[in-house]
Novice: 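Before I ask anything, here is the structure I am working with.
Here, residue 1 is the first one in the sequence, and each next residue gets the next number.
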Amino acid sequence: MILTRRSFTLSALATLALPKAGLAQVTTFRPEAILFNLERSIWLSTNRKATKAAYVVAAPWCPFCHQLHEVILATRPDVDFRFVFMGQNGPGGALANAFFSDADDQVGPVFADPRARNAALSPRADVLIDEVNTVAGHLMADSFAAVSTGAGGTSAVGGFAYPLTVQRETDRSITANLGAWMMLEELAARTAVETAPPPPQARYADLLRLAPELKPYSRNHFAKANGVRLFAAPVPDAAEVEWLEEGQGYKMIGTLTFGGADWLAVRAFTSGDAMKWARAEDFFTQ
């Protein structure tokens, strides 16, 4: 029997979506889940010395994202607007260069040369650094659109627009705002996301340096318990993109070993090679 996705549950961070056959299924993420996953993405800083933070869903080719970055540099708020780039549409060398940079502003070089290469990393790393954010972002795209307010930006997959600024407000609510370049000071005053301690970005460094190759594989695997997670990368605290109930599963198409764990891979979308990742220890096979 070859499994496609069936009904599944998300954690307390996300709501239940109506089940559909096949891989092109929509999952609804609550605002808490969106912020949770952005914190666990590969993000780039605009101000490492800031005491507060917010997350910006962006694309390197988006003129409004570039405009927002220019406004951030011009006003220098005490907020680290952390850019989560997706939709690179090409090699991820520019993102890798920025990710490994010690610069206070890591974002500027991406806009300056989005096609830059990184000679120290393998072509496989180029693919991985783009896919980590793209998998989580595109699977959350419909939810971005559902919770966003405001206007302005460049249309993106799922009906939302770049740049989208996500933050926890001082009243503890979570908002997703369009047109941030027109209201930057207001957003900076409202964010309650702390920068210390920061999410452990180093967890992706070894993944990119080692860039483990996926080994072809083909076998059905089933969740051992309720709440088994699938991730945007083969890293245990990467963005969580799906939760399975006991007995639900997939026909896995690849395996790799990284960080002392064995990982299973399944395609994230109906086309392309981007993957969702599951820990092999959470599944059984027949």
Novice: Between Lys215 (side chain only) and Thr257 (backbone N and O only), is there a donor and an acceptor less than 3.5 Å apart?
Specialist: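 Absent.
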Novice: Pick out which of Phe111, Trp43, Tyr162 makes a ring pair (Phe, Tyr, Trp, His ring centres under 6.0 Å) with Phe85.
Specialist: Phe111
Novice: Quick check against the 3.5 Å criterion: does Gln167 have a side-chain atom that pairs as donor or acceptor with the backbone of Leu187?
Specialist: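 Between the backbone of Leu187 and the side chain of Gln167 there is a qualifying donor-acceptor contact (under 3.5 Å).
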Novice: Where is the tightest heavy-atom contact between Ala268 and Lys276, given as atom of each residue plus distance?
Specialist: CB-CG, 3.7 Å
Novice: Calculate, to the nearest 0.5 Å, the distance between atoms CZ and CH2 belonging to Arg279 and Trp263 respectively.
Specialist: 5.5 Å
Novice: Please check this pair: side chain of Gln106 against backbone of Ser101, looking for a donor-acceptor N/O pair closer than 3.5 Å.
Specialist: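 Looks like yes, one N/O pair under 3.5 Å.
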Novice: Could you verify whether a donor N or O on one side chain and an acceptor N or O on the other, from Asp78 and Thr51, lie under 3.5 Å apart?
Specialist: yes
Novice: Ignoring hydrogens, what is the shortest heavy-atom contact between Ala54 and Thr165? Give both atom names and the distance.
Specialist: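 Closest heavy-atom pair between Ala54 and Thr165: CB-CG2, 4.1 Å.
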Novice: If you round to the nearest 0.5 Å, how far is CD1 of Ile42 from CD1 of Ile129?
Specialist: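 Atom-to-atom, Ile129:CD1 and Ile42:CD1 are 5.0 Å apart.
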Novice: Please check if the side chain of Arg219 supplies one atom and the backbone of Met252 the other of a donor-acceptor pair under 3.5 Å.
Specialist: no
Novice: Linking I/L/V/M/F/W/Y whenever any side-chain heavy atoms sit under 4.5 Å apart, do Val266 and Tyr217 land together?
Specialist: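 Hydrophobic grouping puts Val266 with Tyr217.
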Novice: Which pair of heavy atoms, one from Gln248 and one from Phe283, lies closest together, and at what distance?
Specialist: O-CE2, 4.5 Å
Novice: Does the Asn133 side chain pair with the main chain of Ser41, one donor and one acceptor, at a distance under 3.5 Å?
Specialist: no
Novice: Less than 4.5 Å apart, side chain to side chain, heavy atoms only: is that true for Pro109 and Asn97?
Specialist: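 The answer is no; the side chains never approach within 4.5 Å.
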Novice: Can you measure from CZ (Phe160) to OG1 (Thr154) and round to the nearest 0.5 angstrom?
Specialist: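 Here the interatomic distance stands at 10.5 Å.
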Novice: Is there side-chain contact between Phe100 and Leu121, with heavy atoms separated by less than 4.5 Å?
Specialist: yes
Novice: Compare all side-chain heavy atoms of Val235 with those of Arg40 and state whether any distance is below 4.5 angstrom.
Specialist: no
Novice: Please round to the nearest 0.5 Å and tell me the distance separating atom OG1 of Thr191 and atom CZ of Phe81.
Specialist: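 Between atom OG1 of Thr191 and atom CZ of Phe81 there are 7.5 Å.
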Novice: Using atom types as modelled and distance alone, determine if a side-chain donor or acceptor of Thr285 lies under 3.5 Å from a backbone N or O of Asn220.
Specialist: yes
Novice: Is any side-chain heavy atom of Val193 less than 4.5 Å from a side-chain heavy atom of Val79?
Specialist: no
Novice: What I'd like to find out is whether the side chain of Phe83 reaches to under 4.5 Å of the side chain of Val110, using heavy atoms alone.
Specialist: no
Novice: Looking only at heavy atoms, which two atoms of Pro114 and Ala94 are closest? And how far apart?
Specialist: O-CB, 3.5 Å
Novice: Once rounded to the nearest 0.5 Å, what's the spacing between atom CZ of Arg168 and atom CG of Leu35?
Specialist: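 One finds 5.5 Å between CZ of Arg168 and CG of Leu35.
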Novice: Give me the one residue out of Asp80, Asp104, Thr195 that meets side chain to side chain donor-acceptor pair (under 3.5 Å) with Ser45.
Specialist: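 The option that passes is Asp80.
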Novice: I want to check something: taking the side chain as every heavy atom from C-beta on, are Leu164 and Asn177 in contact at a cut-off of under 4.5 Å?
Specialist: no
Novice: Do the non-hydrogen side-chain atoms of Trp277 and Val135 ever get within less than 4.5 Å of each other?
Specialist: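 No, every pair of side-chain atoms sits at 4.5 Å or beyond.
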Novice: Scan side-chain atoms only and decide if Glu169 and Thr175 contain a donor-acceptor pair under the 3.5 Å cut-off.
Specialist: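 Yes, side-chain donor-acceptor contact under 3.5 Å.
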Novice: Less than 3.5 Å apart, any donor N or O on the side chain of Asp105 or Thr46 sitting next to an acceptor on the other?
Specialist: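 Judged by distance alone, the side chains do not pair up.
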Novice: Measure from the side-chain N and O atoms of Arg190 to the backbone N and O of Thr170, and report whether any donor-acceptor pair falls under 3.5 Å.
Specialist: no
Novice: How far does NE2 of His221 sit from CG of Asp282, to the nearest 0.5 angstrom?
Specialist: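 So the NE2 of His221 and the CG of Asp282 are separated by 12.0 Å.
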Novice: Taking C-beta and beyond as the side chain, do Asn226 and Glu246 meet within less than 4.5 Å on heavy atoms?
Specialist: yes
Novice: Do you know which two heavy atoms are closest between Ala176 and Val166, and how far apart they sit?
Specialist: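 Residues Ala176 and Val166, closest heavy atoms: CB-CG2, 4.1 Å.
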Novice: With clusters defined by side-chain heavy atoms of hydrophobic residues (ILVMFWY) lying less than 4.5 Å apart, directly or transitively, does Phe269 cluster with Val127?
Specialist: no
Novice: Taking Asn47 for its side chain and Pro77 for its backbone only, find out whether a donor-acceptor pair lies under 3.5 Å.
Specialist: yes
Novice: Should Lys52 and Glu194 count as an ion pair when the cut-off is N to O under 4.0 Å?
Specialist: yes
Novice: May I ask whether Met183 and Leu178 are part of the same hydrophobic cluster, defined by side-chain heavy atoms of I, L, V, M, F, W, Y residues being less than 4.5 angstrom apart, directly or through others?
Specialist: no
